[in-house]
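Numbering of residues begins at 1 and proceeds along the displayed sequence. Predicted model only: the values in this text are computed from it and were never measured.
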Amino acid sequence: KCEKHGREEVEIYCKTCDTVTCPRCTINMHKSHNYSFAEDIIDEYHGKIDEAAKQMQGAEEKFEKAIETVSATKTRLEETERSTAEKICQQCDQIKAELDRQKDTLLQTVKQIGEGKKLRLDTHLEELGRVKTKLQASMKLARDAREHCLPVEFLFLQSQIEDRLRALCSDYTNHSFEPNDDDVISFSVNEDFEKWIREMNMIGEVATDPQANAFTVNDIENAHFIAKKKTTFTVACQDSVGNRLANEHPEIEVEAKTQPESGGDSIQCHVANSQNGVYTITVQPQTRGPNRLTISASINGRVIWKQSYRIIVSPPHRNMEATRSIAKKGTMKSP
C-alpha cells in the first residue's frame, strides 16, 4: 500500500525517479515523468539482473580459490617462519656451544699452569724457610756459646760451630733468593678470531622469497650437446642474500625443455632435486643443429625465473658414422 494514500496499491514504476508509486502519486508528483506499470517492465529488469549475474558467474569460485591460495601461503609462511627461527637458534646454539667448549679448555689450561707455578713457588718458600731456620739456630748457638761457655767448653765447641757456620755460609752463597718461577699467565686472541669479530656484523641474514637473479646455471658453457646423447648440468637456487634454498622451500619447481629452432615439438628434460638447493638437469636433444634450451623455476605454479639458451647440437656418433661409411666402400675389413 502507498504510505501517503493508504488504500492505493503501489503498482507504477517511475523511471525518472527510480521509485515505485501509486496511481494518485503518479498523477500528483510524477505526471511529466517517464513511468510504466510494474507488470509491463518487470521482464526488462529481470533481464538486466540476469545479465549482471551472468557476468559474475565464476567470480565466487575464483574468490574461493584465491582465499585457499592466500590461506595456504599464510600456512607456509608460518611454517617457514618457525623453521627459520629454529635454524637461527640452532646456529647460535652451535656457536655458543663451541665458544663454551673453548672457554672451558682455556680456563682449565690457566688453572693447570697456575697450579704448577704455585707448587714450584711453595717448594721454594719451604726451602727458604728451612735455610732461614738453620741459620737462626746456628747464630743463636754461636752467641750463646760465646757468652755463656767457659773457655775450655768454648774451645771444645768452636770447631763444630765454625763448621756449621761455614756450611750455612755456603748454602747462603749458593742459594737463589729470587722466585724460581714468574708470576705471568697471559692470553692472546687468535688473529683470525679477532678479524672475524671485527668484520662480522651478524651471524647471518634473514631473506624472503627467492629473486630472479638468485638462480645460477653451472657447467652449461662447457657442455657439449650431441643428438640423442645425455648431457647434464646444474642449477643452484639461492635467496636474495645468497643462502641456498634447500628443504625450507620445497615448493620450488625447476623445469627445462629443448626445442629445435627450425620448428618441431619441444622435449622435456629430466630434473633431479638434490634437496640442497641444487637441481641436476639432463638434456637429451633429438634434433641436431640450433636448438633452444629453456629453463624456468616456479612456486605454486607462478614462474619466478626463466632463462633461455641457444645451443648447437652435434650429429650423433660422428666417428662411428665415418667408420661405417668407410667400411661400406670396402676399405676396411673385419678381423
For [X] versus [Y], what's the shortest heavy-atom pair and its separation?
| X | Y | value |
| --- | --- | --- |
| Ile281 | Ala256 | CG2-CB, 3.8 Å |
| Cys269 | Thr282 | CB-O, 3.3 Å |
| Arg310 | Glu261 | NE-OE2, 2.9 Å |
| Thr258 | Pro285 | OG1-CA, 4.4 Å |
| Asn218 | Phe233 | O-CB, 3.2 Å |
| Cys14 | Tyr35 | CA-CB, 3.9 Å |

In terms of heavy-atom contacts, does [atom1] of [X] have more than 12 from other residues, nucleotides or ligands at under 6.0 Å?
| X | atom1 | value |
| --- | --- | --- |
| Asn34 | CG | yes |
| His148 | NE2 | yes |
| Gln158 | CD | yes |
| His33 | NE2 | yes |
| Met29 | CE | yes |
| Glu61 | CD | no |
| Glu147 | CD | yes |
| Arg292 | CZ | yes |

> What do the steps show when you test Gln268 against Glu255 for side-chain contact (heavy atoms from CB on, under 4.5 Å), and what is the final call?
Replying inline: CA-CA 8 Å; Gln268 204 74 18; Glu255 294 183 350; 4.0 Å; yes

>> Between Ile161 and Arg164, is the side-chain contact (heavy atoms from CB on, under 4.5 Å) condition met? List the steps.
In response: CA-CA 5 Å; Ile161 295 173; Arg164 290 185 64 177; 5.8 Å; no

Got [X] and [Y] here, is their nearest side-chain heavy-atom distance under 4.5 Å?
| X | Y | answer |
| --- | --- | --- |
| Cys17 | His30 | yes |
| Glu8 | Pro23 | yes |
| Phe225 | Val283 | yes |
| Glu115 | Leu119 | no |
| Ile185 | Lys117 | yes |
| Ser36 | Ile12 | no |
| Gln136 | Lys132 | yes |
| Gln286 | Ile267 | yes |

[X] with [Y], same ILVMFWY side-chain cluster at under 4.5 Å:
| X | Y | value |
| --- | --- | --- |
| Val271 | Trp305 | yes |
| Leu106 | Leu99 | yes |
| Ile41 | Ile49 | no |
| Val235 | Val303 | no |
| Tyr309 | Ile312 | no |

>> Checking Met139 against Arg143 for the side-chain contact (heavy atoms from CB on, under 4.5 Å) test, could you report, in this order, the C-alpha distance in whole Å, the side-chain angles of both residues, the deciding distance, and whether it holds?
In response: CA-CA 6 Å; Met139 293 298 293; Arg143 286 194 301 270; 3.7 Å; yes

> Is there a donor in the side chain of Glu98 and an acceptor in the side chain of Gln102, or the other way round, less than 3.5 Å apart?
Replying inline: yes

> Could you go step by step and tell me if Phe37 and Tyr13 meet the ring pair (Phe, Tyr, Trp, His ring centres under 6.0 Å) rule?
Replying inline: CA-CA 6 Å; Phe37 282 98; Tyr13 176 71; over 10 Å; no

